[in-house]
Protein chains: 2
Amino acid sequence: MVTIADVAEAANVSISTVSYAMSGKRKISRETQERIARAIAELGYRPHASARALASRSTSIIGLQAPLRPGVDVHVVMEVVTGVATGARGHGYDILLLTSDDSTGLERAASGSMVDALVVMDVESDDQRLGFLGSLDRPCVLVGLPADPGGLACVDFDFEAAGRLAVEHFAEQGHRRVALLGSPQEVLARHTSYADRLTRGFTEAAAEAGVEVSVHPCPSTPDASEVVDDVFAAHPDVTAMLIHNEEALPHLLARLSERGQRVPDEVAVLALCPPNVARTLRIPVDTIDIPAEEIGIAAADVVWEMISEGAPPSIRLIPPTLTARSAAPGA
Amino acid sequence: MVTIADVAEAANVSISTVSYAMSGKRKISRETQERIARAIAELGYRPHASARALASRSTSIIGLQAPLRPGVDVHVVMEVVTGVATGARGHGYDILLLTSDDSTGLERAASGSMVDALVVMDVESDDQRLGFLGSLDRPCVLVGLPADPGGLACVDFDFEAAGRLAVEHFAEQGHRRVALLGSPQEVLARHTSYADRLTRGFTEAAAEAGVEVSVHPCPSTPDASEVVDDVFAAHPDVTAMLIHNEEALPHLLARLSERGQRVPDEVAVLALCPPNVARTLRIPVDTIDIPAEEIGIAAADVVWEMISEGAPPSIRLIPPTLTARSAAPGA
DNA sequence: GTGAAAGCGCTAACAT
DNA sequence: ATGTTAGCGCTTTCAC
């Protein structure tokens with residue numbers, strides 16, 4: 001294995017000069033700089049990550065907890081993960097992936113000094129991990145927004161605003177009764193942060209706009225079709241729906257079509273999903289895009305600011321925007 | 001920060017005794033063992049991962065390259081990743097996630113001694129990374145099977161056998177012309193290992209069984225529907241299809257239904273996908289399951305064998321099995 | 001059954 | 001502008 005000492009010898013300089021030449025923390029003459037660069041290239045030298053981490057007390061690794069819990073949107077998770085990895089790389093960081101959904105992995109990574117910071121996904125409104133995370137000395141960013149962030153940094157799409165936006169959009173179009181077909185029961189049951197916030201924005205905006213609403217969990221299976229029937233059985237006057245369930249989406253649209261309810265003329269539909277997912281639908285539907293990768297990148301950016309500038313924990317919510325995709329305008 | 005020296009002091013033993021007590025590489029008296037355990041618990045000691053790695057020359061981290069390339073099945077990728085992480089954890093390893101699709105991340109991780117081994121996904125038949133991977137001193141496992149593995153370990157589902165199984169199954173049922181509706185063009189164009197192998201097994205078995213076949217790339221969008229029309233335009237006598245494209249699957253089935261071709265009575269369908277995905281279909285379809293998580297676990301197992309026992313690079317292909325899900329049997 | 005001490009390869013004072 | 005050196009926190013020879 002080639003060490004920094006080998007490079008120093010080959011370049012006829014001291015070890016520290018090589019170190020400083022690499023970090024740029026000291027001014028090195030043009031000439032020595034080049035001799036060192038040549039030595040590094042010729043020897044194929046790679047600094048030993050652990051040695052560097054031990055001496056510098058920083059690993060250039062960010063821990064990312066991305067548990068694949070039942071009912072989550074795989075596309076969204078995957079894109080957020082990709083975003084975090086991409087963003088982190090842009091700042092010179094790598095990702096240690098933690099897939100268990102408890103605190104053990106976080107504990108191992110943080111307390112074992114494996115990572116410089118943590119990014120935590122699938123946050124619940126009253127998340128069990130918050131206490132532990134708050135007690136850490138390392139920066140920590142939640143992808144989500146718990147009821148009480150307790151001084152932790154939070155990054156997410158603004159699901160509450162998205163709920164409001166949908167209702168206001170429908171209200172403007174003259175709809176008087178709107179339904180939210182959302183996440184699977186299991187996701188709602190554990191009070192996943194995004195689901196809670198979407199529901200809140202949706203119902204609050206409805207109260208303000210004088211629009212009648214109902215909220216319906218949707219399984220991510222063909223059984224979702226039945227929810228459509230349930231909606232109209234309970235509220236025959238529903239004329240618009242906000243759908244937030246990537247996997248159920250095609251089944252819901254198919255069921256509407258089977259019932260002879262044309263989208264968007266008879267039933268206005270707004271899908272809350274990543275643009276990629278919207279493009280895989282047979283029927284073009286207006287959407288509120290979930291910018292999943294952007295969320296991940298933003299999380300990495302916040303981590304970076306906290307690490308490099310000691311920035312205080314901030315809360316960053318990406319505002320929703322509506323994208324028209326359907327042919328005809330709603331009723 | 002609590003160090004091993006603190007523990008040693010608290011337990012009234014030497015540093016090395018603490019180290020040996022933790023690793024179990026030396027016999028420690030019952031009494032000292034307990035004193036040390038108590039000190040560790042009381043102080044909340046966590047060994048410093050980098051210090052340990054530097055001294056032991058092993059990080060207990062496995063690098064996992066999981067690029068999210070266009071056209072790949074997100075569910076499958078995610079499940080394999082979960083499997084690798086789960087399997088690795090079972091052996092005391094964590095995962096460093098690399099999402100770029102070139103060799104730079106692999107290089108950084110391996111040459112920088114960040115990882116003890118590598119697992120590489122999305123392997124192509126003539127993969128560019130093979131040369132570099134073969135030159136490494138660390139164990140490396142491919143998830144996939146290139147044309148020439150060149151001494152590297154390979155783990156995957158046996159897509160070739162799956163192609164054969166499908167054809168033989170259809171032939172047994174009396175079908176004389178079968179179509180393979182597969183991965184998107186982009187996946188085939190880069191000769192992704194699994195797509196190549198599936199096609200080979202499919203066409204070879206067909207030649208042997210005297211069954212006529214055709215192979216059709218499928219976009220992962222609603223446009224996939226057109227492929228169904230193309231298939232029957234080119235070969236009106238097609239009575240069975242093997243579908244290997246998770247995202248296209250619903251659109252293909254829907255198009256068949258629109259054309260009035262009943263599944264499985266008029267057109268026998270075999271879907272090649274994870275069981276989870278099959279369960280999200282509106283029409284139950286017979287499947288050949290892709291045991292995605294199992295593949296990941298197997299990859300982690302092979303890595304473990306190579307690391308711990310110095311096992312030679314092996315090739316492990318998980319055989320396909322057919323699962324009946326549709327109501328009626330085929331023609 | 002236990003200690004002492006020499007590294008592991010690097011960073012960052014403290015030198016000049 | 002460059003060199004010397006004391007650690008970083010652990011593992012693992014030696015030594016008893």
Side-chain angles (χ1 to χ4, degrees), chain A residues 1-37 39-40 43-61 92 108-116 137-138, chain B residues 1-37 39-40 43-61 92 108-116 137-138:
Chain A
M1 162 171 233
V2 184
T3 74
I4 196 173
D6 298 327
V7 176
E9 187 177 359
N12 256 305
V13 291
S14 74
I15 285 182
S16 62
T17 301
V18 176
S19 177
Y20 283 118
M22 301 196 76
S23 68
K25 291 187 179 177
R26 198 190 241 187
K27 199 155 172 42
I28 305 289
S29 76
R30 187 107 194 79
E31 190 187 15
T32 5
Q33 186 70 265
E34 275 167 8
R35 244 181 313 135
I36 291 174
I40 289 178
L43 297 175
Y45 167 68
R46 295 283 158 194
H48 189 288
S50 298
R52 176 175 276 182
L54 179 57
S56 69
R57 323 184 127 274
S58 123
T59 59
S60 292
I61 294 179
R108 187 161 23 89
S111 306
S113 302
M114 303 180 80
V115 301
D116 293 347
D137 49 340
R138 299 177 207 311
Chain B
M1 166 174 227
V2 184
T3 72
I4 196 172
D6 298 326
V7 175
E9 189 177 358
N12 256 305
V13 291
S14 73
I15 286 181
S16 61
T17 301
V18 176
S19 177
Y20 283 118
M22 301 197 78
S23 68
K25 292 186 180 176
R26 201 189 238 184
K27 198 153 173 44
I28 306 288
S29 75
R30 185 107 192 83
E31 189 188 12
T32 353
Q33 186 72 264
E34 275 167 9
R35 243 181 314 132
I36 291 174
I40 288 178
L43 297 174
Y45 167 68
R46 295 282 159 195
H48 190 289
S50 299
R52 174 173 277 184
L54 179 58
S56 69
R57 322 182 130 271
S58 122
T59 59
S60 291
I61 294 179
R108 187 161 23 87
S111 306
S113 303
M114 304 180 78
V115 300
D116 292 348
D137 49 341
R138 297 174 208 315

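Numbers restart at 1 for each chain; the letters A, B, ... are given by sequence-line order, proteins then strands.
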### Task
By nearest nucleotide on DNA chain D, pick out whichever of A:E31 and B:R52 is the more 5' one.
A:E31
Tell me what [X] touches on the nucleic acid: a base, only sugar-phosphate, or nothing, going by heavy atoms under 4.0 Å.
{"X": "A:S113", "result": "nothing"}
{"X": "A:I28", "result": "sugar-phosphate"}
{"X": "B:D6", "result": "nothing"}
{"X": "B:S23", "result": "nothing"}
{"X": "A:S56", "result": "sugar-phosphate"}

Starting from [atom2] on [N], measure out to [atom1] on [X] and report it in whole angstrom.
{"X": "A:E9", "N": "D:dT2", "atom1": "CD", "atom2": "C1'", "result": "17 Å"}
{"X": "B:E34", "N": "C:dG1", "atom1": "CD", "atom2": "P", "result": "15 Å"}
{"X": "A:N12", "N": "D:dA1", "atom1": "CG", "atom2": "C1'", "result": "16 Å"}
{"X": "A:D116", "N": "C:dT11", "atom1": "CG", "atom2": "P", "result": "14 Å"}
{"X": "B:H48", "N": "C:dG9", "atom1": "NE2", "atom2": "C1'", "result": "14 Å"}
{"X": "A:M114", "N": "D:dG9", "atom1": "CE", "atom2": "C1'", "result": "15 Å"}
{"X": "A:Y20", "N": "D:dT2", "atom1": "OH", "atom2": "P", "result": "13 Å"}
{"X": "A:M1", "N": "C:dC10", "atom1": "CE", "atom2": "C1'", "result": "11 Å"}

### Message
Reading DNA chain C from 5' onward, which residue's closest nucleotide shows up sooner: B:R35 or B:A55?
### Response
B:R35
### Query
Taking the nucleotide of DNA chain C with the closest heavy atom to each, which residue, B:R57 or B:V13, is nearer the 5' end?
B:V13
With the side chain of [X] defined as its heavy atoms from C-beta on, choose the nearest nucleotide among [options].
{"X": "B:I4", "options": "C:dG3, D:dT11, D:dG3", "result": "D:dT11"}
{"X": "A:S29", "options": "D:dA1, D:dA15, C:dA13", "result": "D:dA1"}
{"X": "B:T17", "options": "D:dG9, C:dT2, C:dG9", "result": "C:dT2"}
{"X": "B:S19", "options": "C:dG9, D:dT12, C:dG3", "result": "D:dT12"}
{"X": "A:R26", "options": "C:dA15, D:dT11, C:dG9", "result": "C:dA15"}
{"X": "B:L54", "options": "D:dT2, C:dC8, D:dC8", "result": "C:dC8"}

### Query
Can you tell if the side chain of B:H48 reaches within under 4.5 Å of the side chain of B:R52, non-hydrogen atoms only?
no
### Query
Does some side-chain heavy atom of A:D6 sit less than 4.5 Å from a side-chain heavy atom of A:Y45?
no
Are any of [X]'s side-chain N or O atoms less than 4.0 Å away from OP1 or OP2 of [N]?
{"X": "A:R30", "N": "D:dA1", "value": "no"}
{"X": "A:K25", "N": "C:dT11", "value": "no"}
{"X": "B:S14", "N": "C:dG3", "value": "yes"}

Between [X] and [Y], which heavy-atom pair has the shortest distance, and what is it?
{"X": "B:L54", "Y": "A:A51", "value": "CD1-CB, 3.7 Å"}
{"X": "A:T59", "Y": "A:M114", "value": "OG1-O, 3.2 Å"}
{"X": "A:A8", "Y": "A:V18", "value": "CA-CG2, 3.6 Å"}
{"X": "B:S19", "Y": "B:I4", "value": "N-CD1, 3.8 Å"}
{"X": "A:R30", "Y": "A:Q33", "value": "O-CB, 3.3 Å"}
{"X": "B:I36", "Y": "B:A21", "value": "CD1-CB, 3.7 Å"}

### Message
If we count only N and O atoms by modelled type, under 3.5 Å, do the side chains of A:S113 and A:R138 hold a donor and an acceptor together?
### Response
yes
### Message
Quiz question: going by heavy-atom distance under 3.5 Å, is there a donor-acceptor pair between the base of D:dG3 and the side chain of A:S16?
### Response
yes
### Message
How bent is the helix from C:dG1-D:dC16 to C:dT16-D:dA1, measuring the angle between the end axes built from five pairs each, rounded to 10°?
### Response
40°
